[in-house]
Every structure is written in structure tokens, then in C-alpha cells.
K.L.:
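Please see the structure below; I have some questions.
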Amino acid sequence: MPIVTLPDGSQRAFDQPVTVDEVAASIGPGLRKAAFAGRVDGKLVDTSYVIAADAKVEIVTDKDPEALEIIRHSTAHLLAQAVKELFPDAQVTIGPVIEDGFFYDFAYERPFTPEDLAAIESRMRELAQADQKVHRRVLSRDDAVKFFTQLGEHYKAEIIAAIPAREEISLYGQGDWVDLCRGPHVPSTGKLKAFKLTKIAGAYWRGDSRNPMLQRIYGTAWVDKKQLDEYLHRLEEAEKRDHRRIGRELDLFHLQEEAPGAVFWHPKGWLIFQTLIAYMRERQRAAGYEEVSAPELMDASLWRQSGHLEKFGDSMYLTQTPDERLYAIKPMNCPGHVQIFKHGLRSYRELPIRLAEFGKVHRYEPSGALHGLMRVRAFTQDDAHVFVTEEQIISESVAITRLLLDIYRDFGFDDVKIKFADRPPQRVGADDTWTRAEEALKAASLAAGIEYSLNPGEGAFYGPKLEFVLRDAIGRDWQCGTLQVDLNMPGRLGAYYIDEHSHKRTPVMLHRAIFGSLERFFAILLEHHAGRLPAWLAPVQAAVLTITDRQDEYALKVAETLKNQGVRVVTDLRNEKVGFKIREHTLQRVPFLLVAGDKEVAANLLSVRTRSGKDLGTMSAETFLERLRVELESRGRRTWED
RNA sequence: GCCGGCUUAGCACAGUGGUAGUGCAACGGUUUUGUAAACCGUAGGUCGGGGGUUCGAAUCCCUCAGCCGGCACCA
């Protein structure tokens, strides 16, 4: 005789076991209709779940955040059902919920086509409209394996066979279609109203490139049409921020067939790039770094010694010269920096030695990995290697972490997450060395007062690392900075210093990058700001626009004044209406538009407008300069309005 | 690297076997203009490269490259 306690504290007694559905019905027919699932003593269950004993019960409706997950999961099932109906020979595998949607992987004799996708989606709509009841049953593990083997679902049988024998297996289905699933699911397919299949792609079985490739179908699903439309709108907005598109529109850079994965920087793009370097150069100088430059091309033996050739040889550019020597184009800066460290005898009194380089490296990335500026084959790292004693690891790591986070704030990235990546399966060095390195990095994190999440097995082959992940304006995460503790490489490359007892000691090397790849960071900035870079980074900071040719002389004079003060300014004297000029320079994301008409000329003023359309009124060139300077010097953290 | 899609003028795109098109940009002219697109005209293409089928290919087939979306990889 269960007594059910509802979230508001009220209780209802039933004289026999009841389902969640019946509990909902007892409260009201509207709630019953709205019920997606239930939460019984905190556990999510189907509406068909039978409550036999006293319990706390909640009815999950579309207002509940859990509902979305259930909808997506059930929509994945709907997808699998539709595929099995249209393509009976396809085998089902897995179909998890992911961010904003779900996917389902199928094994099928041929890839699905876009036409198949449309057909599958319309079948899904029919099945949803049929409002089929979702049923659940439970089998033993072995019976479930037998069941799916009989159906010819070998992948599914393999998945279930890996589950411990004692566990019960729940099967969900609708119509005569059935799948293994933990649940819970919506009570009937009619609850699935707002979904869309988005893309088809290949994906390896169990994520291993040695396995056969399956056909993956991606989809998105929401509580209602409005949310679905909002999501699709979000995708469109993200597309407008695409750095490849902005790069073309603003004439910043291009890529072309003859140099896959290598960037042709145009004047405006290169100006931004150099501004980033100048900024970092100054920050590093202030933090005690010394800038160096190591050769692009070094004998392959050096890379054999470092271990890079063995681990990454396939992705290194090698070149045989007429003297029969084999050279490698550097894919990393560390061996070069170690050579500089090694040149001459080093004393413990010199440590820490901080060597920084804006090093251009080349890596033969797999063709399928290339992606605009985000993943290229030739890129520039703001790479530094700090040589320290073991005792200095913590203090130096703390200093690096602080520098990193402070620099990110200058770019408007206040939301930074940190991951700790420990030893990978393939690595160099002894296990106790690794333990020391990992412990040191953990201690440093603690001392720096930062919190991290674990990223197991993802460390570099020579040491553990902290990974710094930035969240951009539309909520996407980008891993940029890294700090690695390396107790292996200096020894392999024969680096040592003389300690206070005149003994040779191997230094510890801290690898750190803040932007990571400058090309990639550039792309992230473009997308973060949607091309509207803060004035200190904008390639053109102001445009002087005339209304008629009567103002030409004045405009040129004003521009000259601003230019002499270091402002990146252009004039637009074209025979066009001012509205047209404003439109063009706004689309070019020029932060300030300075309009000069007869009135401004007469009063020796400028009418100032921002790219966001705000009218800042009229002022002299000197006043404009003064206020622009505040914005530039604060790197955009203090804007005009402050 | 693997699976799929795409590649037509500077850019965005139309053109499914029969004379390569539209808009924007460019160029020339008219217009002297007040805060997100004035008007008229002109020029611009080995339809990604190579090969094949066909009387005839942007269009069908093969192949290579690049790009796009995933997967795998990412020192």
C-alpha cells in the first residue's frame, strides 16, 4: 500500500502498487499528459515504472532539464527504428546523447546519402505521429545476447556480452522494434515533436581507426519547435563568426591549394599578428624571459636523440640535402632551446633560465585534420622553456600560471578552465620520474590556488601537463595554453648545470605556451569578437569620411595628425554618399568612424560614430585621440563610455 | 589517413547532355551627396587539374588535388 510523497510535501495513499503515470493522473489529466518520466526517490524512471513501496515521487515534465536528455535519447531510438524499417540489413550499435542532440551509429553495406537522410527523417516524423507506446522489458545478460544474435545484431550482442553476467538488461522498444537501453524513455513517440537530422559521417567502431567504419547520423532534438528554431539560429550565428569567412571579408589572410595548411598573411592580418607578438614580447620581457631564435632546420640525429623522430617521425618534414645529410624542419622548439642552454657551462645561480621564442614550426598534419587557421601545418608558437632546479618547479609554475591567467584577462577571457593531463601510455622515462613530475605539478597547482579536472593519459610523451581552456563569447571551449613539467628531455639531450657542490645536475625543463599556436589564437579571437576586434588590435582603428569633396583637404589633415600620433587611420574621400561609406567601414569593423562635413570643417571638429552605430557626438581630433588612448591603453577594458 | 559532400567571374550563387548566367564588387560616366547600399553603362570565365564516353560535356564515368562536415590523430 504505497504512500507517495510529492515535491510540495503532500502525500497520497494508494491501496495497490501504482505506476508513475497513474500518480500523475491522480493529480490531474493535464499533468498526466505532460509527463515525460518520473523521479522516484531521486532516481529517473519511466512513467510505466511501478511504485510498490512508499516513495518520494516527482513527475518530470518538459520544464524539467532532465526532459531534454530523455527526449534526445528517445529521438535517437526513433532514428534507429526508422533506419531499421527503411534499411532492414543495417545493424544498430550505439546512440548516445551529446551536446545539443544525439547520434546513432549503424553498420551498413554502403554509406547513407543525403537523400537517405531526408527519407529517414520523414519516416521518423510518421513514427512520431503514430504516437506508438514505448515498452520496456528486462532480460538476463545471456538471454539478451541470444536475443540480439538471433536478430542478426552482432554489434549489439558484442556490447551486451561485455556487461557483467549478473546484471539485468533492459530493452526498450516501440512497435516491433527493440533496442538495448538503460532508459528512461518518453512514454510514447508522440512526445517527440521538435527534431532534425543534421549530418551524416563516418565513424570508427569503438572509436578505433583499426576497426571498420560505421555510418553515423547526427541529429538534434528539443522540447518544442521554438527551442529547435533557436538552436538552428544559434548555428547560423556561429557560422557568421567563422574566422575563415571573416578573414576573407576583412582581407586578413588566405590559404591556397599549393600550400595546404600554410597561411598567406595579408597586410591587415599580419598587422594583427604582429600586434599579438609585440604584446607577448613585452609581457615576457617584464616576466624575466629572454627571447631567442633556434634554426628551422637541424640534423635528424638531434630529433632521434630527443625521441621526437621515433614518436612523430611520420608527421615531420624531412629533407635530404646534396651533402647527403638528413635534416628535419623543426616541429617543436624545445630541442633547439636545449642547445642554447647547453652552450657554455651553466651554474645553478643562473637558474631559472627562461628562453622564449616565437618559433615557426612545421608538422605534417593528417589531411583530414586541417581546418582554417585552427589546425595548420605551419604555425607559430609562443613557446618558452624554463630551465629550473627541482626545488624551483613550484615557484616557477606558480609564476607561469599567474602570467597566463593575467594575459587571458587582457583578451577578455575571464572564464578559464584547467585540466591536468597525466602520463600517457606511450612515453619516455622511468615511472618514478613520472611520479615526481606529476606530484610537482600537482603541488604547483595547489600553491597557485587553481582547481583542475583530470584528463587521464593525455600528457606529453616526456611529461605531465596543465592545459588551459578558454571559454569564448558564445560558450565554446578552446584549449590554448599549456604548462608541462619535463624531467626527461634535458637528460636525453645532455643538458646539465653545476650545483652548489660543484656536481653536474640535470635541470628540469618547464615547457609553456600561452597563445599556443598564434594562428589558432588569432582565429579564436576573430570568432570570439565576431571580427569586431578591440581597438588596440584592430588593423584600422579609425576612418575619416567626407561628405563632399569640399572636405578633402581637412580630412587629409586630420588623418595626418592622427597618424602622427600612432593611430591606424584611413581616409575615404570617394565620390559616394556618407551612408554608403559608413556601411562599408562598419562592415570592415573599423571601431571609429569620423565624419567631416562642412559644419565640422568650420568648427575644426569631427563627428564620431562607433561601428556599433552609436553616435558619440562632435569633438576635436585632440579630444578623440585622448579618449581613444584610454581605450587602447586599457586594451579595451575601459571603453568610451567609462 | 578513413567516410560522405563540394569545387562555375574577386565574393555569394543559378545553370543535369546542345551558344555559360544573376547579384554584389571592379572599371567608365552622371551625380556633390549628412550617419548601414544614388543612377546609367562597360569589361570580366580553359566551369579545380588530367583522362575517358559522346556528333556534342560545367552537366555522365575514371583519376588526382584542394576545401567543407564528421571519425581517427594532435609533441
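In what follows, every heavy atom counts, from backbone to side chain, and hydrogens, waters and symmetry copies are set aside. Just so it is clear, the structure is predicted and the values come from calculations on it, not from any experiment. All chains are named by letter (A, B, ...) in the order of the sequence lines, taking the proteins before the strands, and each is independently numbered beginning at 1.
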K.L.:
For B:rG44, give its Watson-Crick or G-U wobble partner with both distances under 3.5 Å, or none.
P.N.:
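Check on B:rG44: unpaired, no WC or wobble geometry under 3.5 Å.
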K.L.:
When you get a sec, tell me which of B:rG70, B:rA75, B:rA65 is the closest nucleotide to the side chain of A:Lys465?
P.N.:
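Nearest nucleotide to the side chain: B:rA75.
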K.L.:
Closest nucleotide of RNA chain B for A:Thr586 versus for A:Glu365: which of these residues is on the 5' side?
P.N.:
A:Thr586
K.L.:
Is A:His371 close enough to B:rG69 that one of its side-chain N or O atoms is under 4.0 Å from OP1 or OP2 there?
P.N.:
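Affirmative; the distance criterion is met.
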K.L.:
Of the nucleotides B:rA75, B:rG5, B:rA37, which has the atom closest to the A:Phe461 side chain?
P.N.:
B:rA75
K.L.:
Across the strands shown, which category fits A:Tyr462 at heavy-atom distances under 4.0 angstrom: base, sugar-phosphate, nothing?
P.N.:
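Sugar-phosphate: the residue A:Tyr462, judged by heavy atoms under 4.0 Å, touches backbone atoms but no base.
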K.L.:
Answer with base, sugar-phosphate or nothing: what part of the nucleic acid does A:Ala201 contact at a heavy-atom distance below 4.0 Å?
P.N.:
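Contact class for A:Ala201: base.
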K.L.:
With C1' as the reference atom in both, quote the distance from B:rC13 to B:rC6 in angstrom, rounded to an integer.
P.N.:
14 Å
K.L.:
Once you apply the 3.5 Å cut-off to both distances, tell me the Watson-Crick or G-U wobble partner of B:rU53, or none.
P.N.:
none
K.L.:
How about A:His154 and A:Gln91: does a side-chain donor come under 3.5 Å of a side-chain acceptor?
P.N.:
no
K.L.:
Determine whether any donor atom in the side chain of A:Tyr204 lies under 3.5 Å from an acceptor atom in the base of B:rG1, or the reverse, and answer yes or no.
P.N.:
yes
K.L.:
Taking the minimum atom-to-atom distance to the side chain of A:Pro366, which one of B:rA36, B:rC73, B:rA75 wins?
P.N.:
B:rC73
K.L.:
Remember a base hit wins even if backbone is also touched, and classify A:Gly516 as base, sugar-phosphate or nothing at under 4.0 Å, heavy atoms.
P.N.:
nothing
K.L.:
Measuring to OP1 and OP2 of B:rA12, would you say a side-chain N or O of A:Arg248 lies under 4.0 angstrom away?
P.N.:
yes
K.L.:
Check every strand shown and say whether A:Leu587 touches a base, only sugar-phosphate, or nothing at a heavy-atom separation below 4.0 Å.
P.N.:
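Base, at least one base heavy atom under 4.0 Å.
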K.L.:
Contact class for A:Lys599 vs. all strands (heavy atom < 4.0 Å): base, sugar-phosphate, or nothing?
P.N.:
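Base contact.
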K.L.:
Assess the side chains of A:Glu519 and A:Thr380: does a donor N or O sit below 3.5 Å from an acceptor N or O?
P.N.:
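The answer is yes; a qualifying pair exists.
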K.L.:
Which nucleotide in the list B:rG70, B:rA26, B:rA75 gets nearest to the side chain of A:Arg574?
P.N.:
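Of the candidates, B:rA26 comes closest.
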K.L.:
Among A:Phe515, A:Trp478, A:Phe379, which residue meets the ring-ring contact (aromatic ring centres under 6.0 Å, His included) test with A:Phe521?
P.N.:
A:Phe515
K.L.:
Using a 6.0 Å cut-off, check whether atom CG of A:Asp314 has over 12 heavy atoms from anything other than its own residue.
P.N.:
no
K.L.:
From the set B:rU35, B:rG70, B:rC68, return the single nucleotide nearest to any side-chain atom of A:Arg244.
P.N.:
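So the side chain of A:Arg244 is nearest to B:rC68.
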K.L.:
Would A:Arg72 count as a cation-pi partner of A:Trp222, with NZ or CZ less than 6.0 Å from the six-membered ring centre and within 45° of the ring normal?
P.N.:
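Judged by the rule, A:Arg72 and A:Trp222 form a cation-pi pair.
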K.L.:
Quick one: which of B:rC3, B:rU32, B:rU35 gets closest to the side chain of A:Arg609?
P.N.:
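Side chain of A:Arg609 sits closest to B:rU35.
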K.L.:
Given that A:His511 and A:Leu255 both sit by RNA chain B, which one's nearest nucleotide is further toward the 5' end?
P.N.:
A:Leu255
K.L.:
Using only modelled atom types and a 3.5 angstrom limit, is any donor from either the side chain of A:Asp549 or the base of B:rU32 paired with an acceptor on the other?
P.N.:
yes
K.L.:
Report the distance from atom CZ of A:Arg375 to atom P of B:rG69, rounded to the nearest whole Å.
P.N.:
14 Å
K.L.:
Just compare B:rG5, B:rA25, B:rC71 and give me whichever is closest to any side-chain atom of A:Phe580.
P.N.:
B:rA25
K.L.:
Which of these nucleotides, B:rU35, B:rC67, B:rA72, is closest to any side-chain atom of A:Ile582?
P.N.:
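Nucleotide nearest to A:Ile582's side chain: B:rU35.
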K.L.:
Given atom CG of A:Asp572 and atom P of B:rG34, what is their separation to the nearest angstrom?
P.N.:
15 Å
K.L.:
Go through B:rA37, B:rU32, B:rG70 for me and flag the one nearest to the A:Thr548 side chain.
P.N.:
B:rU32
K.L.:
Starting from P on B:rC6, measure out to CD1 on A:Ile200 and report it in whole angstrom.
P.N.:
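Interatomic distance, CD1 of A:Ile200 to P of B:rC6: 11 Å.
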K.L.:
Does A:Lys199 have a side-chain nitrogen or oxygen under 4.0 Å from the phosphate oxygens OP1 or OP2 of B:rG70?
P.N.:
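Yes, such a contact exists.
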K.L.:
If I pick the P atom on B:rA37 and the same atom on B:rG1, what distance separates them, to the nearest angstrom?
P.N.:
47 Å
K.L.:
Should the pair A:Phe468 and A:Tyr408 be assigned to parallel (<30°), tilted (30 to 60°) or perpendicular (>60°) ring geometry?
P.N.:
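Tilted.
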K.L.:
Any base atoms under 4.0 Å from A:Phe112, or only sugar-phosphate, or nothing? Heavy atoms, all strands.
P.N.:
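Since no nucleic acid heavy atom lies under 4.0 Å of A:Phe112, the category is nothing.
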K.L.:
What interatomic distance, in whole Å, is found between P of B:rG28 and the corresponding atom of B:rA65?
P.N.:
43 Å
K.L.:
Taking the P atom in each of B:rC61 and B:rG66, what is the distance between them to the nearest angstrom?
P.N.:
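Approximately 22 Å lies between the P atom of B:rC61 and that of B:rG66.
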K.L.:
Nearest to the side chain of A:Val595, heavy atoms from C-beta on, is which of B:rG34, B:rC74, B:rG69?
P.N.:
B:rG34
K.L.:
Is a donor-acceptor contact shorter than 3.5 angstrom present between the side chain of A:Glu600 and the base of B:rG34?
P.N.:
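Answer is yes: a donor-acceptor pair is held.
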K.L.:
Just checking A:Phe312: base, sugar-phosphate only, or nothing, at a heavy-atom cut-off of under 4.0 Å?
P.N.:
base
K.L.:
On the side chain of A:Arg363, is there an atom forming a donor-acceptor pair with the base of B:rC74 - under 3.5 Å, no angle test?
P.N.:
no
K.L.:
What is the distance from CZ of A:Phe264 to P of B:rG66, rounded to the nearest Å?
P.N.:
14 Å
K.L.:
Under 4.0 Å between any heavy atoms, over every strand shown, what does A:Pro111 touch: base, sugar-phosphate, or nothing? Just pick one.
P.N.:
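The residue A:Pro111 makes sugar-phosphate contact but no base contact.
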K.L.:
Describe, in one word, how the ring planes of A:His511 and A:Tyr462 are oriented to each other, choosing from parallel (under 30°), tilted (30 to 60°) and perpendicular (over 60°).
P.N.:
parallel
K.L.:
Would you mind reading off the distance between A:Leu370 atom CG and B:rG70 atom C1', rounded to a whole angstrom?
P.N.:
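Interatomic distance, CG of A:Leu370 to C1' of B:rG70: 15 Å.
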K.L.:
Look at all strands and tell whether A:Gly207 reaches a base, only sugar-phosphate, or nothing, counting heavy atoms closer than 4.0 Å.
P.N.:
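Result for A:Gly207 = sugar-phosphate.
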K.L.:
State whether a side-chain donor-acceptor pair under 3.5 Å links A:Asp572 with A:His585.
P.N.:
yes
